[in-house]
Number of protein chains: 2
Amino acid sequence: MTAHVFDIKGLKTSCQNCSLAELCLPLGLDQVDVDRLDEIVRRARPMNAGDHLFRTGDAFRSLYAVRAGSVKVYSLDADGEEQILGFHLPGELLGMDAISGKAHACSAKVLETTSVCEIPFERLQELSLRLPSLQSQLFRLLSQEIIHDEAMLLVLGKKPAEERLATFLLSLSERFHRRGFSATEFNLSMSRHDIGNYLGLAVETVSRLFRRFQDDGLLEVQRKHILITDLPRLRAMVHMCDHAEQGTAH
Amino acid sequence: MTAHVFDIKGLKTSCQNCSLAELCLPLGLDQVDVDRLDEIVRRARPMNAGDHLFRTGDAFRSLYAVRAGSVKVYSLDADGEEQILGFHLPGELLGMDAISGKAHACSAKVLETTSVCEIPFERLQELSLRLPSLQSQLFRLLSQEIIHDEAMLLVLGKKPAEERLATFLLSLSERFHRRGFSATEFNLSMSRHDIGNYLGLAVETVSRLFRRFQDDGLLEVQRKHILITDLPRLRAMVHMCDHAEQGTAH
DNA sequence: CCCCAGCGTTGACCTGAATCATTTCGGCAC
DNA sequence: GTGCCGAAATGATTCAGGTCAACGCTGGGG
């Protein structure tokens with residue numbers, strides 16, 4: 001009986017049985033390889049809203065994968081101004097920007113009750129020397145992070161406020177959808193302030209845009225709860241050729 | 001005699017003897033490993049201003065390293081609007097954002113007479129399975145690209161025009177310096193239009209800022225020629241804790 | 001149950017940078 | 001030299017979005 005329970009627990013906490021495997025590191029690995037990966041992954045107890053996964057200056061040791069919940073990653077400039085670099089949903093990897101240094105250059109703060117897997121980078125690197133498909137997947141994930149950031153550069157560099165918020169909402173929509181949730185109804189785990197910060201807009205502007213979108217019949221907004229009522233039109237607002245927001249993204 | 005000439009040519013075109021090795025892929029590799037890398041690197045004849053290294057949609061096969069000259073990387077959004085993602089100087093790698101896909105999502109255009117090394121990615125990946133230090137260096141370079149883009153997100157998201165241009169000039173200054181050129185005197189290989197596009201500003205604003213900087217005694221500008229006359233003050237304008245613009249950057 | 005703090009909303013106003021319209025410059029062909 | 005063309009500079013005007021200042025929820029603690 002007890003043994004049985006242990007088995008179930010064992011199953012629950014392996015990459016093998018993780019519903020996020022297709023979005024996360026294990027993508028493209030075969031059974032055996034996933035088992036090897038499994039051996040080095042550490043699964044931590046859930047964290048509470050406001051907890052930090054790591055902070056600027058902390059020694060870099062591991063990458064992290066979100067299992068449930070959400071995480072915001074931000075850096076602080078000289079004046080202590082915060083710039084949010086991304087929001088991470090389940091199945092997304094974070095910490096990759098620290099690989100080239102000894103310490104984290106950003107901080108990662110949990111937005112709600114969240115559990116993450118910790119993947120010691122040294123060991124991951126060793127392992128990926130022996131598992132070509134793992135190495136390959138790592139390269140892909142790093143590259144996707146670059147793609148995401150580049151898409152964001154376009155948004156911040158050229159797009160007006162309206163399109164920024166639309167892009168943001170669509171990104172969330174797609175990502176929720178890919179995780180098996182509704183593409184049209186979800187809760188924002190971040191504050192208006194965070195959204196504004198991320199999109200390079202003032203909080204007030206974000207507020208006004210939510211109202212406008214609602215008035216235009218695109219959304220129904222109730223605080224953190226979002227219902228997209230006209231997805232096609234929201235897409236049309238962004239109409240960019242949709243060079244897909246794929247995996248690791250924010 | 002002829003043989004001798006061939007020898008010299010051979011030496012000139014190896015990573016081994018490339019003055020950029022310390023900025024480029026070979027960093028951290030020992031002699032033997034560099035030789036292996038050397039075998040897969042293809043050195044192309046110089047290209048002319050305006051030529052494309054690759055375009056959006058081209059099949060992804062290789063990464064490229066700039067040997068001499070400069071390259072601008074840009075993407076086009078739905079409306080055909082160009083967004084410049086970076087400028088690459090000698091020793092910098094480009095094309096890394098295409099790793100996760102089959103095709104390039106951006107285009108790379110040469111700004112002046114430029115020569116590049118082409119590194120077939122398939123072979124690089126195979127090789128890096130056998131050479132831990134190469135794998136490691138690749139991870140580092142990808143990570144640095146992410147760091148660069150994140151730094152740019154801060155600039156575009158929060159900084160006023162003045163600070164954007166200052167940041168840009170300082171980045172160039174540092175990068176030229178690291179390559180053994182003057183940190184205070186250099187030529188811009190890109191147009192005002194490109195600078196504005198990259199920094200999310202109108203051309204006119206860039207023009208006015210150059211004038212203002214000159215009037216303030218920070219610079220002497222003469223078309224493409226820049227002489228920084230007060231580097232400390234330029235740095236002060238940016239004063240961010242300088243979480244260094246390291247390697248691959250733009 | 002009520003109070004308070006923090007988030008969110010709303011409105012009035014201001015400003016930095018975009019846009020528009022010329023003009024000037026510098027390189028190049030003839 | 002002269003004329004031409006694209007890049008750059010400059011000035012006038014406009015406007016998107018920021019800032020400032022109240023105000024209104026709402027949810028947690030006493």
Side-chain angles (χ1 to χ4, degrees), chain A residues 48-50 72 79 81-84 87 109 111-113 154-169 187-216 219-227 237, chain B residues 48-50 72 79 81-84 109 111-113 154-169 187-216 218-227 237:
Chain A
N48 297 313
K72 94 172 177 191
D79 334 311
E81 258 312 320
E82 169 176 319
Q83 169 68 45
I84 296 179
F87 300 103
K109 186 193 247 183
L111 290 171
E112 59 193 313
T113 304
L154 211 200
V155 170
L156 294 184
K158 297 262 164 337
K159 304 301 182 179
E162 193 179 81
E163 201 168 333
R164 296 189 195 188
L165 187 61
T167 305
F168 175 68
L169 291 171
N187 285 295
L188 301 172
S189 59
M190 67 295 289
S191 68
R192 299 288 194 266
H193 186 90
D194 282 348
I195 297 173
N197 182 304
Y198 178 56
L199 297 175
L201 301 171
V203 205
E204 294 92 329
T205 306
V206 175
S207 233
R208 285 187 256 265
L209 285 172
F210 271 126
R211 157 155 283 282
R212 175 132 52 96
F213 283 3
Q214 182 151 14
D215 291 349
D216 290 356
L219 307 175
E220 277 167 34
V221 188
Q222 216 165 81
R223 307 223 108 215
K224 307 250 167 199
H225 184 263
I226 302 287
L227 176 66
M237 287 184 55
Chain B
N48 297 314
K72 94 172 177 192
D79 334 310
E81 256 313 318
E82 169 176 320
Q83 169 68 45
I84 296 179
K109 187 193 248 184
L111 291 171
E112 58 193 313
T113 304
L154 212 200
V155 170
L156 294 184
K158 296 264 165 335
K159 304 301 182 179
E162 193 179 79
E163 200 168 334
R164 296 189 195 188
L165 187 60
T167 304
F168 175 67
L169 291 172
N187 285 294
L188 302 171
S189 59
M190 67 294 287
S191 68
R192 299 289 194 266
H193 186 89
D194 283 347
I195 296 174
N197 182 303
Y198 179 56
L199 297 175
L201 301 171
V203 206
E204 295 91 327
T205 306
V206 175
S207 236
R208 284 189 255 268
L209 285 172
F210 271 127
R211 157 156 282 282
R212 175 131 52 96
F213 283 3
Q214 182 151 16
D215 291 349
D216 291 356
L218 290 164
L219 308 175
E220 276 167 35
V221 188
Q222 215 165 84
R223 306 225 109 213
K224 308 251 166 199
H225 184 263
I226 301 288
L227 176 66
M237 288 185 56

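Per chain, numbering begins at 1; letters A, B, ... match sequence-line order.
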Sequence-aligned protein contact record of nucleotides 4-16 of chain C, with B where the base is within under 4.0 Å of a protein heavy atom and S where only the sugar-phosphate is: ----SBBBB----
Span of DNA chain D, from the first to the last nucleotide whose atoms fall under 4.0 Å of chain B heavy atoms: D:dA8 to D:dA12
NZ/NE/NH1/NH2 to OD/OE distance under 4.0 Å, A:Lys159 and B:Asp79: yes
Mind checking side-chain hydrogen bond (donor to acceptor under 3.5 Å, both in side chains) for [X] and listing every partner two or more places apart, or none if nothing turns up?
X: A:Arg223; value: none
X: B:Glu112; value: B:Ser70
X: A:Asp215; value: A:Arg211

Axis bend over the full length of the helix from C:dC1-D:dG30 to C:dC30-D:dG1, computed from five pairs that close each end, to 10 degrees: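 Comparing the axis at each end, I get an angle of 40°.
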For [X], give me all partners under side chain to side chain contact (heavy atoms under 4.5 Å, CB included), at least two apart in sequence or on another chain.
X: B:Val203; value: B:Arg192, B:His193
X: B:Lys109; value: B:His52, B:Lys72, B:Tyr74
X: B:Arg208; value: B:Glu204

Sugar-phosphate, base or nothing in reach of A:Gly196, heavy atoms under 4.0 Å: nothing
By salt bridge (charged side-chain N to carboxylate O under 4.0 Å, His left out) - contacts of B:Glu162 (at least two apart): B:Arg212
Heavy-atom closest pair, residues B:Gly200 and B:Arg164: O-NH1, 3.5 Å
Taking every non-hydrogen atom, the tightest pair across B:Val206 and B:Gly196: CG2-CA, 3.5 Å
B:Leu209 CG to C:dA17 C1', straight-line distance once rounded to whole Å: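 So the CG-C1' distance, B:Leu209 to C:dA17, works out to 10 Å.
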